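Report on the following structure.
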Amino acid sequence: MTPNWELENCCNHEQVVFLISISVCTVVILALWRTVLLKPFKLVTVFLHEASHAIACKLTCGHVEGIQVHADEGGSTQTRGGIYCFILPAGYLGSSFWGMVFILASTNLLTSRIAAGCLLVALVIVLFVAKNWTLRGLCIGFIVFLGVVWLLQETTKARALRYVILFIGVMNSLFSVYDIYDDLISRRVHTSDAEKFAEGFDIIAVSFRSHVPWSSYLVLRYCILVQILKLR
């Protein structure tokens, strides 16, 4: 079988638009990463990161005492009980998982509505249990923002909701990678989930300090994404 190096007929028009949209979102996010323009989206990404810790805590029979998102783009989840070795890495894995979910949801108008609806419900719930006003303000702001975008989609020909969901998905996908970069290469952050894991579990410290599990999961996620894209 001769390899199709020219990639002829590899993608239809919709798939090409989808891949270009992801590429544009990636370039825009990386270019504006440290600007105030992305701060609301980065705070939502931090919220989903911390929510992943909370979900892991609940799944391992622990108790979540509170979730905080700070204006400096940091966050914390206070837990009691549960299995610590599952709770700690859940932030990175959760960010990449939510990124995959939102990216896949953006490929269809119905699934975009479902993803936006689930996010709205989560924001409303967190609004009443948030421990600080940064997180409360973030919830209120994004509830209004998603509501306006959804209303425009239903009353006009604009299909902005799909691209908002896609943008949030790409943002979550890049968050784990960029946080790893900040921790291991640029050293802008003093600590990270991976560093805490390495300190707490010396037997596999080298593996987790090098972020091999995170990288493996990212590769697996994109393989799944490509296979689903082929089926469309």
Side-chain angles (χ1 to χ4, degrees), residues 39-102 115 117-143 168-169 171-173 175-180 182-184 187-218 220-221:
K39 182 176 280 289
F41 289 94
K42 291 173 76 174
L43 291 178
V44 166
T45 302
V46 172
F47 157 67
L48 291 172
H49 176 93
E50 298 303 331
S52 300
H53 287 302
I55 291 171
C57 176
K58 285 294 186 180
L59 290 176
T60 55
C61 302
H63 176 70
V64 180
E65 297 183 339
I67 298 176
Q68 294 187 37
V69 173
H70 307 296
D72 62 357
E73 299 168 14
S76 61
T77 302
Q78 295 79 41
T79 63
R80 186 174 70 249
I83 303 176
Y84 191 60
C85 64
F86 286 105
I87 297 172
L88 196 51
Y92 283 146
L93 300 182
S95 291
S96 58
F97 173 78
W98 294 122
M100 178 182 69
V101 168
F102 282 115
C118 291
L119 182 57
L120 282 171
V121 171
L123 290 171
V124 170
I125 293 173
V126 173
L127 176 62
F128 293 99
V129 299
K131 295 294 184 179
N132 65 332
W133 277 104
T134 300
L135 183 52
R136 293 190 188 102
L138 175 68
C139 291
I140 294 171
F142 254 83
I143 288 171
I168 293 174
M171 190 81 175
N172 276 272
S173 298
F175 178 79
S176 298
V177 178
Y178 211 97
D179 195 63
I180 291 170
D182 271 351
D183 177 35
L184 289 182
R187 297 290 184 177
R188 286 191 180 96
V189 295
H190 298 294
T191 186
S192 69
D193 292 344
E195 186 171 355
K196 289 180 181 178
F197 201 108
E199 292 172 354
F201 302 92
D202 294 333
I203 296 177
I204 50 176
V206 175
S207 174
F208 275 87
R209 195 65 181 87
S210 63
H211 299 272
V212 170
W214 323 129
S215 302
S216 301
Y217 184 79
L218 289 173
L220 175 61
R221 183 195 64 193

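Nothing fancy with the numbering, it's 1 onward along the sequence. Values in this document were obtained by computation on a predicted structure and should not be read as measured data.
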Donor-acceptor list for residues 57-66 side chains, cut-off 3.5 Å, not counting sequence neighbours:
from: Thr60; atom 1: OG1; to: Ala56; atom 2: O; distance (Å): 2.9
from: Thr60; atom 1: OG1; to: Cys57; atom 2: O; distance (Å): 3.1
from: Thr60; atom 1: OG1; to: Ile83; atom 2: N; distance (Å): 3.2
from: Glu65; atom 1: OE2; to: Arg80; atom 2: NH1; distance (Å): 2.3

What distance do [X] atom [atom1] and [Y] atom [atom2] have between them, rounded to the nearest 0.5 Å?
X: Lys42; Y: Phe175; atom1: NZ; atom2: CZ; value: 8.5 Å
X: Phe41; Y: Asn172; atom1: CZ; atom2: CG; value: 11.5 Å
X: Cys139; Y: Leu120; atom1: SG; atom2: CG; value: 10.5 Å
X: Ser76; Y: Glu50; atom1: OG; atom2: CD; value: 6.0 Å
X: Lys39; Y: Thr45; atom1: NZ; atom2: OG1; value: 12.0 Å

Heavy-atom pair with the smallest gap, counting every atom of [X] and [Y]:
X: Ser52; Y: Gly94; value: OG-CA, 3.2 Å
X: Val69; Y: Phe47; value: CG2-CA, 3.8 Å
X: Ser95; Y: His49; value: OG-ND1, 3.3 Å
X: Leu48; Y: Leu119; value: CD2-CD1, 4.5 Å
X: Phe102; Y: Gly169; value: CB-CA, 3.5 Å

Are any of the side-chain heavy atoms of [X] and [Y] separated by less than 4.5 Å?
X: Phe128; Y: Arg136; value: no
X: Thr134; Y: His70; value: no
X: Phe142; Y: Leu43; value: no
X: Val126; Y: Ile67; value: no

For Gln78 and Gln68: C-alpha separation, side-chain torsions, deciding distance, then whether side-chain contact (heavy atoms from CB on, under 4.5 Å) applies. CA-CA 8 Å; Gln78 295 79 41; Gln68 294 187 37; 3.9 Å; yes
